[in-house]
Structures are given as structure tokens and as C-alpha cells.
> 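Pasting a structure below so you can have a look.
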Protein chains: 2
Amino acid sequence: MTQIDKVFKALADPSRRALIDRLHARNGQTLSELCKGLEMARQSVTQHLGLLEDANLITVQWKGREKLHYFNPVPIHEIYRRWIQKFEQPRLDALHDLKTKLEREKKQP
Amino acid sequence: MTQIDKVFKALADPSRRALIDRLHARNGQTLSELCKGLEMARQSVTQHLGLLEDANLITVQWKGREKLHYFNPVPIHEIYRRWIQKFEQPRLDALHDLKTKLEREKKQP
DNA sequence: TTGACATGCAGGTGTCTGCCTGCCTATATT
DNA sequence: AATATAGGCAGGCAGACACCTGCATGTCAA
């Protein structure tokens, strides 16, 4: 399984996306904190976090008996760059046109 | 299952992403055409295409006995807009800064 | 009309996934 | 030292998923 495939698969589950959202809102939460409010056993959350870590979407740091989780946006950006961007070409072209137009107007007002 | 969830799940499989890529390269292909080169039974491809259609990622049009498939980029853009964009904020800010800078330079060269 | 071709429908199988429970270890608190 | 707290490990189960085969249907072309 390629790295990008791991990321897509990790993002395919709504619980995991919710976890990412929570970490994005507040980084460095422990496992217990992430469990709060979720209708799920701790082990299930652990499993989800394991997949996210495997996809490099989160990083883990131990502090005593606590496991702190940090969100890593790089893989998501990678997906955007290598997979989504090409379907957005018209939009990007428009942006490029705007930039070019502004630069042209700057030189020849 | 929400619409956005369907899209994420549809994108989670590499065969389906490959199908999207092929349609993006050449739109309006039939089922048989899409099967060529894939190491998979026709029925499996049909199943994948069914999921993609359910996620609104492709549209189907019948022409006689042939089923033509068309790629629809809207859901992917939706995912970008509603889910990926917020993790890209720094990058977008940089872009906005560029635009502002160019406009400022245009007014006060 | 008859045969070839494009696709659908139904059902079967092995594996993956998401979720759980039960028990264990290690660190903190009193 | 004794208890509470944070988390890991192992295994189990139901449903989803990716894949297949076999047969049926509809359309084109000779």
C-alpha cells in the first residue's frame, strides 16, 4: 500500500476525520481527551489514531504516562498537490490570469 | 452516509482513482474501454463505477447498447473547499498577500 | 434472422474493517 | 505501599468490501 493510499484510506472514515478536526482545533491532546464526547470505546479510538499515525497524519509524543497527539497537515497537502490540483486547473488558470493581468497593468497602467 | 462521506470512501480505493484518472484523460469512455488494461473482471469494474456514480463523481449516458462515462469534478472540488482548504490556510494567506502586494505596487509603483 | 457484442443481474467467497471486551503494564498520587 | 489513572495487547465478532463466476437481456451488423 502506497503512502498516498494510506492517507486516502485514513481519511475515508468519518470518525478519523473528526479526530483530525479536533486536533486541528487544539493540538497535543492525549488519548483520554480525544475519547471524551465520542461514543466509542477507548480501544477503537486507539485503533483510529494508529491508522492516522501510520498515514503520517498525526505524530505522537510521550510525556510520562500520557500520549500527546499532534496533527501533521503535510500528507493532506500532498494529496491536494498530487491529486486534486489537476482537477482544479481551470480555477488555477483563472488565478494565474489574474496575477498576470495585475503584473501587466503594473507595468503599463 | 453523507454525500461527502461517499466521496471520501469512493476515493479510498486505488482502482477507482485510476478509473477517474482515465476518464479525466479521455472523457466519455464505455465500460469495455475502461476495462482494457485493468487486471480485473468486468463485473468488478462495473461495481467500482457504480460507487463512483453513487458518489456523483461520474455521470452516465446511454448510447444504444453502450454506456458512456463522464467524470464530474464538482465533488472533488467540494471536498477541497469544505475540508482541505482549512488546512491550507497559511498557503492561501501567502497567495492573498501576493495579490495584495501586486495591487499595492500597481497603485504606488 | 442470426450471431456477435455491450452490459446487467444474482449470488458466492475470502479478506479487511470497525467495534467491542477482558486483562496487563507503567506512571502518578495519596 | 496502596490506589487511581493512562494506556497497551490479544482476541473475537458482525458487517462491509473487493473480487469472482454463471446466466440473462438488449442492441447492432452481416
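Naming: A, B, ... by sequence-line order, numbering from 1 per chain.
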> For D:dG8, does OP1 or OP2 lie under 4.0 Å from any side-chain N or O of A:K67?
yes

> Describe, in one word, how the ring planes of B:H77 and B:Y80 are oriented to each other, choosing from parallel (under 30°), tilted (30 to 60°) and perpendicular (over 60°).
tilted

> How long is the gap from CG on A:L49 to CD1 on A:I58, to the nearest 0.5 Å?
4.5 Å

> Using modelled atom types and a 3.5 Å cut-off, is there a donor and acceptor pairing between side-chain atoms of A:K9 and backbone atoms of B:A12?
yes

> If you compare every side-chain N and O of B:K9 against the phosphate oxygens of D:dC17 (OP1, OP2), does one of them come in below 4.0 Å?
no

> Calculate the interatomic distance between B:D5 atom CG and C:dG18 atom P; express it in whole Å.
11 Å

> To which residues is A:V60 joined in a hydrophobic cluster, defined by side-chain heavy-atom contacts under 4.5 Å among Ile, Leu, Val, Met, Phe, Trp and Tyr, whether direct or through other members?
A:W62

> For B:F8 together with A:F8, are the ring centres under 6.0 Å from each other?
no

> If you pin A:A12 and B:H69 to their nearest nucleotides in DNA chain C, which one's is more 5'?
B:H69

> In whole Å, I'd like the distance from the CE atom of A:M1 to the P atom of C:dT15.
17 Å

> Between C:dT7, D:dG8, D:dC19, which one does the side chain of A:W62 approach most closely?
D:dG8

> Residues from residues 35-48 of chain B sitting under 4.0 Å of DNA chain C, heavy atoms only?
B:R42, B:Q43, B:T46

> Using a strict 4.0 Å threshold on nitrogen-to-oxygen distance, state whether A:R81 and A:E78 make a salt bridge.
yes

> Could you check how far CG of A:L19 sits from P of C:dC19, rounded to whole Å?
10 Å

> What is the distance, to the nearest angstrom, from the CG atom on A:D54 to the C1' atom on C:dC16?
15 Å

> Can you tell me if the side-chain N/O atoms of B:S32 get under 4.0 Å from OP1 or OP2 in C:dT7?
yes

> Which residue pairs pass the side-chain hydrogen bond (donor to acceptor under 3.5 Å, both in side chains) test when at least one of the two sits in residues 17-27 of chain B, sequence neighbours left out?
A:D5-B:R17, A:K86-B:D21, B:R26-B:Q29

> For the base of D:dT5, is there a side-chain donor-acceptor partner from A:R65 under 3.5 Å away?
yes

> Taking the nucleotide of DNA chain C with the nearest heavy atom to each, does A:R16 or B:E33 sit closer to the 5' end?
B:E33

> Under 4.0 Å, counting only non-hydrogen atoms across every strand here, what does A:L51 touch: a base, just sugar-phosphate, or nothing?
sugar-phosphate

